[in-house]
Asks: 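My questions will all concern the structure given below.
Just so it is clear: chains get the letters A, B, ... in the order the sequence lines come, proteins before strands, and each one is counted from 1.
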Amino acid sequence: MPELNTITKTVIVTSALPYANGQIHLGHIASTYLPADIYTRYIRLSGLTVYHVCASDDFGTPILIRSEKEKKTPSDYVSYWNRRDLKDFQSLAINFDLFSRTSSPENKSLVQSIFNKLQSNGYIYEKEVIQPFCPVDKKFLPDRFVVGTCPNCGAEGQYSDLCENCGKVPEEILDPKCWICGSVPIKRSSNHYFFQLSKFSDKLRDWLIKNSNLQEDIKKYVLNWINNGLVDWDITRDIEWGIPIPTSDANGKVFYGWFDNHICYISSLLILAEEHKKDGKQLWNESAIFHFIGKDIVYHHYLFLPAIRLGIDQEYKLPDYLPTRGHLLLKNKKLSKSRNWYISIEDFTQRFETDYLRFYLASITPYSQDDVNFDWDTFREKINNELIANVGNFINRTLTLIQNNFASSVPKISKLESYDNEAIDRIHTIGTEVGTKIESNHLNRALMDILAFSSFLNSYFQHKKPWSSSSVDTTLYISVNAVRTLAIVLAPFIPNSSEKIWYQLKLGDSVHKQEWSSSGVLRIAPGHVIGKIVPLFKKIDKETIEKLQIEMTGK
RNA sequence: GCCGGGGUAGCUCAGCAUGGCCAGAGCGUUCGACUCAUAAUCGAAAGGUCGCGGGCUCAAGUCCCGCCCCCGGCACCA
């Protein structure tokens with residue numbers, strides 16, 4: 001189990017780069033961005049310096065073709081999606097210290113210098129490849145852009161890299177056609193650069209085995225890939241939209257997107273370091289590096305990315321952690337934009353509070369590559385019965401009683417009974433319990449601990465009967481301090497609501513500027529006057545969900 | 001086909017590495033209590049052949065063998 005107390009330096013968190021050709025959806029949020037944001041918020045509250053960087057992935061054939069169809073320059077096209085994605089992230093309170101782009105000048109120059117170093121270290125070679133070329137569009141066509149009939153099962157209209165009907169990868173697709181214009185592609189030869197991934201098999205194996213911070217089950221199948229023999233990577237693309245390969249005979253060829261996009265983690269951090277007047281390379285190499293990803297890009301992050309860093313003599317160090325999570329399913333079916341089976345960020349934020357999504361997704365997403373199911377009925381039940389009835393209710397009943405019976409002034413503490421001592425003890429320890437789980441990336445379990453804490457408090461409150469008994473003051477004093485504790489430990493998960501709690505407690509400043517360890521201190525003193533109390537959450541009624549299900553199905 | 005993960009209460013899952021208190025949690029269900037609180041809360045109960053079959057052991061959900069079933073990955077998809 002990784003423990004944060006071993007990390008004493010700066011932490012660098014990166015989230016996988018969204019491809020700049022369409023909206024991000026709930027699946028991306030659940031697997032990558034929300035876990036990274038929760039983690040970052042927690043580290044920040046713990047008092048360490050943390051940088052969360054991300055960027056839009058701007059290059060590639062799909063973007064080039066889409067921008068042409070929309071009669072925009074690729075540059076304008078990706079700028080739009082860069083801003084749009086950022087807006088979506090912000091609407092979910094997912095914050096970055098920098099949201100850059102792979103097409104930034106800084107990334108271009110770093111990518112080219114890394115290529116040069118790989119080349120001088122002898123890890124790059126050239127080879128002729130024969131590729132389909134569309135004579136009408138005057139483009140080389142990646143596999144995805146050649147459609148035809150599957151030679152295995154005879155299904156028509158299949159991509160040349162995968163038959164969706166029989167699931168096989170066709171050797172050579174029959175009756176090939178250009179996906180863009182429908183004409184028949186011809187074969188054309190082109191000189192490409194290859195990265196010698198195969199040379200790194202032993203070093204990658206060593207790194208995987210030695211790095212105990214990586215998830216064991218993922219390690220197993222990555223090791224299996226290595227044992228089956230790694231294949232060198234073609235890092236060249238014959239298109240005009242990308243980072244130019246810096247050789248005299250490259251003839252306008254550009255890098256393949258997966259060569260340049262992960263380097264953007266580093267170039268973004270360098271930009272940020274510059275802003276903070278720090279030595280970027282030193283900062284990178286002294287920090288704990290976390291790359292949050294979804295399981296679809298395991299290959300690239302567990303093999304390709306570390307191999308390239310090994311290939312430049314670890315000028316920039318390898319990742320310490322690669323938190324990897326599975327995909328989100330909607331009603332047990334895979335999300336698919338082309339089939340309109342997905343939930344966009346807007347779909348959600350137009351209807352519900354941001355924190356409802358964060359709470360729900362965090363509570364159902366484990367630290368593993370298992371897929372999780374998004375279900376509207378479960379969503380409603382979890383929000384109403386766990387977040388609102390348990391946590392919201394405890395906060396509300398505590399604060400309301402102080403407001404109504406004590407003129408909003410926190411009462412004095414008197415004689416402590418064993419139940420009071422137990423409650424105080426729980427306040428002391430909850431921060432460490434939750435923190436340990438967040439540090440080991442078990443965010444769902446951390447949230448369960450918070451719910452158990454809140455449940456305990458409801459039970460404590462119920463037994464002490466502060467609305468009638470003689471020990472009213474002590475109970476309310478402890479309870480209001482427990483509310484403060486809840487605000488802090490919930491802050492990484494539901495930041496907006498935590499801030500509302502903080503405001504109602506009238507503690508000044510922001511909950512996000514507190515110290516995590518202070519969650520264990522009873523810092524609200526008797527006599528403190530709290531603010532105006534309003535319910536934090538609104539329950540989701542059944543009709544809303546039923547209506548929504550009908551709307552979403554018809555989408 | 002190969003590789004990986006999994007099959008434990010109605011649902012979602014923990015427990016299995018280092019076999020041993022009556023097999024656990026949350027949600028749901030039923031009954032009772034309370035009324036400060038968003039009909040929220042508190043207490044209690046019901047509910048399980050731990051996929052199937054065999055084996056090792058004083059003892060197996062936990063180890064070994066076989067079988068069945070489910071899910072995911074199979075590499076340039078950006």
Asks: A/Y299 has a side chain; which of B/C42, B/U35, B/A75 sits nearest to it?
Replies: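 Nearest to the side chain of A/Y299 among the choices is B/A75.
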Asks: C1' atom, B/A17 versus B/A33: distance in rounded Å?
Replies: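 The same atom, C1', in both gives a distance of 45 Å.
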Asks: So what does A/D58 touch, heavy atoms closer than 4.0 Å: a base, only the sugar-phosphate, or nothing?
Replies: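 Nothing, no heavy atom under 4.0 Å.
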Asks: Taking only the P atom of each, what is the distance from B/G24 to B/A46 in whole angstrom?
Replies: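 Here B/G24 and B/A46 have their P atoms 12 Å from each other.
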Asks: Could you state the CD1-P distance from A/I297 to B/G73, rounded to the nearest angstrom?
Replies: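 Interatomic distance, CD1 of A/I297 to P of B/G73: 14 Å.
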Asks: With sugar-phosphate meaning primed atoms plus P, OP1 and OP2, does A/V231 contact a base, only sugar-phosphate, or nothing at under 4.0 Å between heavy atoms?
Replies: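 Base, at least one base atom sits under 4.0 Å.
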Asks: Considering only the C1' atoms, how many Å lie between B/C21 and B/U62, rounded to the nearest integer?
Replies: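 One C1' to the other, the span is 16 Å.
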Asks: Output the rounded distance in Å from CD1 (A/I395) to P (B/U41).
Replies: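 After rounding, the reported distance stands at 14 Å.
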Asks: What does A/G229 touch in the nucleic acid at a heavy-atom separation under 4.0 angstrom: a base, only the sugar-phosphate, or nothing?
Replies: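 If one applies the 4.0 Å heavy-atom cut-off, A/G229 turns out to touch a base.
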Asks: Roughly how far apart, to the nearest Å, are B/A9 and B/G15 at atom P?
Replies: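 It comes out at 15 Å once rounded to the nearest Å.
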Asks: Rounded to the Å, how far apart are A/Y460 OH and B/C34 C1'?
Replies: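 Checked: the OH to C1' distance equals 18 Å.
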Asks: So which nucleotide does B/G72 pair with, by the Watson-Crick or G-U wobble rule with both distances under 3.5 Å?
Replies: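 In the structure as shown, B/G72 has B/C3 as its Watson-Crick or wobble partner.
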Asks: Report which part of the nucleic acid A/F537 touches: base, sugar-phosphate, or nothing (heavy-atom distance under 4.0 Å, all strands).
Replies: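 Base contact.
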Asks: Please work out if A/D57 contacts a base, only the sugar-phosphate, or nothing of the nucleic acid, heavy-atom cut-off 4.0 Å.
Replies: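 Touches a base.
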Asks: Looking at A/K464 and A/D420, does any basic side-chain N land under 4.0 Å from a carboxylate oxygen?
Replies: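 Yes, this pair counts.
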Asks: Taking only the C1' atom of each, what is the distance from B/C70 to B/C52 in whole angstrom?
Replies: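 Going atom to atom, C1' in each nucleotide, I get 15 Å.
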Asks: So, A/D217 and A/K220, do they make that salt bridge, N to O below 4.0 Å?
Replies: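 Salt bridge absent between A/D217 and A/K220.
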Asks: In whole Å, what separates the C1' atom of B/G4 from that of B/U12?
Replies: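 That atom pair is separated by 23 Å.
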Asks: Indicate whether OP1 or OP2 belonging to B/A78 is found under 4.0 Å from a side-chain N or O atom of A/N21.
Replies: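 Indeed not, no polar side-chain atom of A/N21 lies that close.
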Asks: Between A/R380 and A/E546, does any side-chain N to carboxylate O distance fall below 4.0 Å?
Replies: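 Salt bridge: no.
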Asks: Given that both distances must come in under 3.5 Å, which nucleotide forms a Watson-Crick or G-U wobble pair with B/A45?
Replies: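 B/A45 is paired, partner B/U29.
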Asks: Given B/C76, B/U38, B/U41, which nucleotide is nearest the side-chain atoms of A/R237?
Replies: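 Selected nucleotide (nearest to the side chain): B/C76.
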Asks: What is the pairing partner of B/U38, taking Watson-Crick or G-U wobble pairs with both distances under 3.5 Å in any strand?
Replies: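 The base-pairing partner of B/U38, which may sit in any strand shown, does not exist here.
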Asks: Return the value, rounded to whole Å, for the distance between atom CG of A/N393 and atom P of B/A40.
Replies: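 A/N393 atom CG is separated from B/A40 atom P by 9 Å.
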Asks: Could you work out the separation of B/C42 and B/U49 based on their C1' atoms and round it to a whole Å?
Replies: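 Each nucleotide's C1' atom is 35 Å from the other's.
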Asks: Return the pairing partner of B/U18 with a 3.5 Å limit on both distances, Watson-Crick or G-U wobble; otherwise return none.
Replies: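 Base-paired to nothing in any strand shown.
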Asks: Would you classify A/S455 as touching base, sugar-phosphate or nothing, given that sugar-phosphate means primed atoms plus P, OP1 and OP2, and contacts are heavy atoms under 4.0 Å?
Replies: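 Sugar-phosphate, backbone atoms only, no base.
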Asks: Mind listing the N/O atom pairs, protein and nucleotides 11-17 of chain B, below 3.5 Å?
Replies:
none

Asks: Using the ring of each side chain (for Trp, its six-membered ring), is A/Y33 parallel, tilted or perpendicular to A/F89, with breaks at 30° and 60°?
Replies: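 It falls in the tilted class, 30° to 60°.
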Asks: Within this structure, what is the CD1-to-P distance between A/I388 and B/A40, rounded to whole angstrom?
Replies: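 After rounding, the gap between these two atoms is 10 Å.
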Asks: What nucleic acid atoms does A/I364 come within less than 4.0 Å of, heavy atoms only: base, sugar-phosphate, or nothing?
Replies: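 A/I364: no heavy atom of the nucleic acid under 4.0 Å.
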Asks: Is A/K465 close enough to B/C36 that one of its side-chain N or O atoms is under 4.0 Å from OP1 or OP2 there?
Replies: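 The answer is no; no side-chain N or O of A/K465 sits under 4.0 Å from OP1 or OP2.
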Asks: Which nucleotide sits closest to the side chain of A/N396: B/G26, B/C36, B/A37?
Replies: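 Closest nucleotide to the A/N396 side chain: B/A37.
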Asks: So what does A/H463 hit on the nucleic acid, given a heavy-atom distance under 4.0 Å: a base, only sugar-phosphate, or nothing?
Replies: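 Sugar-phosphate contact only.
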Asks: Pairing check on B/U62: which nucleotide meets the Watson-Crick or G-U wobble criteria with it, both distances under 3.5 Å?
Replies: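 Pair assignment: B/U62 / none.
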Asks: Provide the distance between the two P atoms, one in B/G28 and one in B/G43, to the nearest whole Å.
Replies: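 The answer is 14 Å between these two P atoms.
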Asks: Could you check whether A/K412 pairs with A/D473 (Lys NZ or Arg NE/NH1/NH2 to Asp/Glu carboxylate O, under 4.0 Å)?
Replies: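 Salt bridge: no.
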Asks: Provide a list of protein-nucleic acid N or O atom pairs under 3.5 angstrom, restricted to nucleotides 4-10 of chain B.
Replies:
unit_1: B/G5; atom_1: OP1; unit_2: A/K220; atom_2: NZ; d: 2.7

